[in-house]
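Below, each value reflects all heavy atoms present in this structure, side chains not excepted, and no hydrogens, waters or symmetry copies.
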Amino acid sequence: MKKKSFVLAAVMVAVLALTGCGKKDSSSDDTLVMATNAEFPPYEYYEGQDIVGIDVEIAQAIADELGMTLKIEDTAFDSVITSVQTGKADIGVAGLTVRADRLENVDFTDSYTTAAQVIIIKEDSDILIPDDLEGKKIGVQLGTTGDIYADDISDATVERYNKGFEAVQSLTQGKIDAVIIDREPAKVFVSENEGLKIVDEEFTLEDYAIAVAKDNTELKDKINQVLSELKDSGKLQEIIDKYIVAE
Ligand code: GLN
């Protein structure tokens, strides 16, 4: 009896070892793990069960070029950079704006697009230019550049939400005066909600890039190579044009 269970245990250990049970997917060489926050249309958002969008297609094109399988981890926006920093994810692709303070924690690839922060207001708002935000109640998504800029506006009260659309809902309900958020998601949210518009003057211009771990120069170089090919071949523009209709 004793001998039997010993043999059984030995067989189980062998099976576990052979199947590589307990090994994380992300540690396998051919999986490219992307951390994102799929609340950011048209860059990353849910279509049914699937996460789709510009960033997803760019990451997929990179994975294809590198002969890897893309695995998307949907997380809170303010965890995207930490995931890359701690090695939980290989890349952070989340409409991430390149910023000096972020460069202390992760590296960024070359930029794949320019973006802007804009202000969403109600159609009848008295906020006409960015300076009018002084003393107002401003909604932002936690940990975004919008959050950082809103914090600098004198006398303003900053309301932080986990999702950009929650800030927009709050604006619709009259709980706040404005939302500072990235231009393309702003356009999507305004088109989906009655009575909102975007202030003409943009708040700031920014560059989006992909975050990689600080010591992972090899991956960064490979991605930069693929990005440059995607730019030259027109494929990058094609992906963007699929999601953003030119005005
Ligand atoms: N571009 C902004 C930032 O990097 C917002 C990105 C996002 O909400 N996904 O902070």
*Quick one: do Phe189 and Leu196 satisfy side-chain contact (heavy atoms from CB on, under 4.5 Å)? Show the steps, please.*
CA-CA 9 Å; Phe189 294 140; Leu196 300 180; over 6 Å; no

*Do any N or O atoms from the side chain of Asp110 and from the backbone of Asn224 form a donor-acceptor pair under 3.5 angstrom?*
no

Pairs of donor and acceptor atoms involving the side chains of residues 122-130, under 3.5 Å and at least two apart or interchain, shall be tabulated with distances.
residue	atom	partner	partner atom	Å
Lys122	NZ	Thr172	O	3.2
Ser125	OG	Ile127	N	2.9
Asp126	OD1	Lys136	NZ	3.3

*Under 4.5 Å between side-chain heavy atoms, hopping through other hydrophobics if needed: is there a path connecting Val190 to Val199?*
no

*Leu133, Ile181: one ILVMFWY side-chain cluster at the under-4.5 Å cut-off?*
no

*Would you mind reporting whether Tyr45 and Phe165 have side-chain heavy atoms less than 4.5 Å apart?*
no

*Non-neighbouring partners of Glu202 that pass salt bridge (charged side-chain N to carboxylate O under 4.0 Å, His left out), sequence neighbours left out*: Arg183

Which atom pairs, donor and acceptor, lie under 3.5 Å between side-chain atoms of residues 75-85 and protein residues at least two apart or in another chain?
residue	atom	partner	partner atom	Å
Ser83	OG	Ser79	O	2.9
Gln85	NE2	Asn105	OD1	3.4

*Should Ile54 and Ile244 count as side-chain neighbours, where that means a heavy-atom distance under 4.5 Å?*
yes

*Please examine the side chains of Gln225 and Leu227, heavy atoms only from C-beta on, and report whether any two atoms are closer than 4.5 Å.*
no

_Minimum-distance pair of heavy atoms, taken over all atoms of Val188 and Pro41_ = CG1-CG, 3.8 Å

*Not counting sequence neighbours, which residues clear side chain to side chain donor-acceptor pair (under 3.5 Å) with Glu134? List them please.*
none

*What pair of heavy atoms forms the shortest contact from Asp30 to Gly67, and how long is it?*
CB-O, 4.5 Å

*Of the non-hydrogen atoms in Gly139 and Tyr161, which two are nearest, and what is the gap between them?*
CA-CE1, 4.0 Å

*Atom CE in Met68, atom CG in Leu219: separation rounded to 0.5 Å?*
7.0 Å

*Would you sort out whether Asp74 and Tyr46 count as a side-chain contact (heavy atoms from CB on, under 4.5 Å), showing the intermediate values?*
CA-CA 10 Å; Asp74 185 17; Tyr46 277 93; 3.0 Å; yes

*Which pairs, with at least one residue in residues 47-62 and sequence neighbours excluded, count as a salt bridge (charged side-chain N to carboxylate O under 4.0 Å, His left out)?*
Glu57-Lys242

*asked:* For a quick test of reading the model, state the closest non-hydrogen atom pair linking Ile138 to Ala156 and the distance between them.
replied: CD1-CB, 3.7 Å

*Are Leu70 and Val226 linked, directly or through other ILVMFWY residues, by side chains that come within less than 4.5 angstrom of each other?*
yes

*Evaluate whether atom NZ of Lys231 has more than 12 neighbouring non-hydrogen atoms of other residues, nucleotides or ligands under 6.0 angstrom away.*
yes

*Hey, does the side chain of Thr109 reach the backbone of Ile210 with a donor-acceptor pair shorter than 3.5 angstrom?*
yes

*So how far is it from Lys222 NZ to Thr217 OG1, rounded to the nearest 0.5 Å?*
12.0 Å

*Can any side-chain N or O of Gln141 pair as donor or acceptor with the backbone N or O of Asn162 at less than 3.5 Å?*
yes

*asked:* Quick check on the hydrophobic clustering: are Val118 and Ile180 connected, directly or via other members, by side-chain heavy-atom contacts under 4.5 Å?
replied: no

*For the residue pair Ala116 and Leu205, what are the closest heavy atoms and their distance?*
CB-CD2, 3.9 Å

*Report yes if some heavy atom in the side chain of Glu229 is under 4.5 Å from a heavy atom in the side chain of Glu65; otherwise report no.*
yes

*What salt bridge (charged side-chain N to carboxylate O under 4.0 Å, His left out) pairs are there with at least one residue in residues 206-216, not counting sequence neighbours?*
Asp107-Lys214

_Between Gln169 and Gln173, a side-chain donor and acceptor under 3.5 Å_ = no

_Student check: side-chain heavy atoms of Asp151 and Arg160 closer than 4.5 Å_ = yes

*Rounded to the nearest 0.5 Å, how far does CG of Leu66 lie from CD1 of Ile223?*
7.0 Å

*Can you check whether Tyr208's main-chain N or O pairs, donor with acceptor, with Thr97's side chain at less than 3.5 Å?*
no

*Quick one: are Ile72 and Thr36 in side-chain contact, heavy atoms under 4.5 Å?*
yes

*asked:* Side chains of Gln60 and Asp64 only: does a donor on one sit below 3.5 Å from an acceptor on the other?
replied: yes

*asked:* I want to check something: taking the side chain as every heavy atom from C-beta on, are Ile58 and Ile239 in contact at a cut-off of under 4.5 Å?
replied: yes

*Where do Ser111 and Ala209 come nearest, in terms of heavy atoms and distance?*
CA-CB, 4.0 Å

_So for atom CG, which belongs to Asp101, do other residues, nucleotides or ligands contribute more than 12 heavy atoms lying within a distance under 6.0 Å?_
yes

*Between Leu32 and Phe108, is there a shared hydrophobic cluster once you connect ILVMFWY residues whose side-chain heavy atoms come closer than 4.5 Å?*
no

*May I have the step-by-step check of side-chain contact (heavy atoms from CB on, under 4.5 Å) for Tyr112 and Val93, ending in yes or no?*
CA-CA 11 Å; Tyr112 58 89; Val93 200; 4.1 Å; yes

_Working to the nearest 0.5 angstrom, can you tell me the gap between Gln117 CD and Thr145 OG1?_
3.5 Å

*Can you find a heavy atom in the side chain of Ile120 that is under 4.5 Å from one in the side chain of Leu171?*
yes

*From Asn37 CG over to Glu44 CD, what is the distance, rounded to the nearest 0.5 angstrom?*
7.5 Å

*May I have the step-by-step check of side-chain contact (heavy atoms from CB on, under 4.5 Å) for Leu96 and Arg102, ending in yes or no?*
CA-CA 10 Å; Leu96 280 176; Arg102 291 177 177 170; 4.1 Å; yes

*Rounded to the nearest 0.5 Å, what's the gap from CD1 on Ile176 to CD1 on Ile121? Could you check?*
12.5 Å

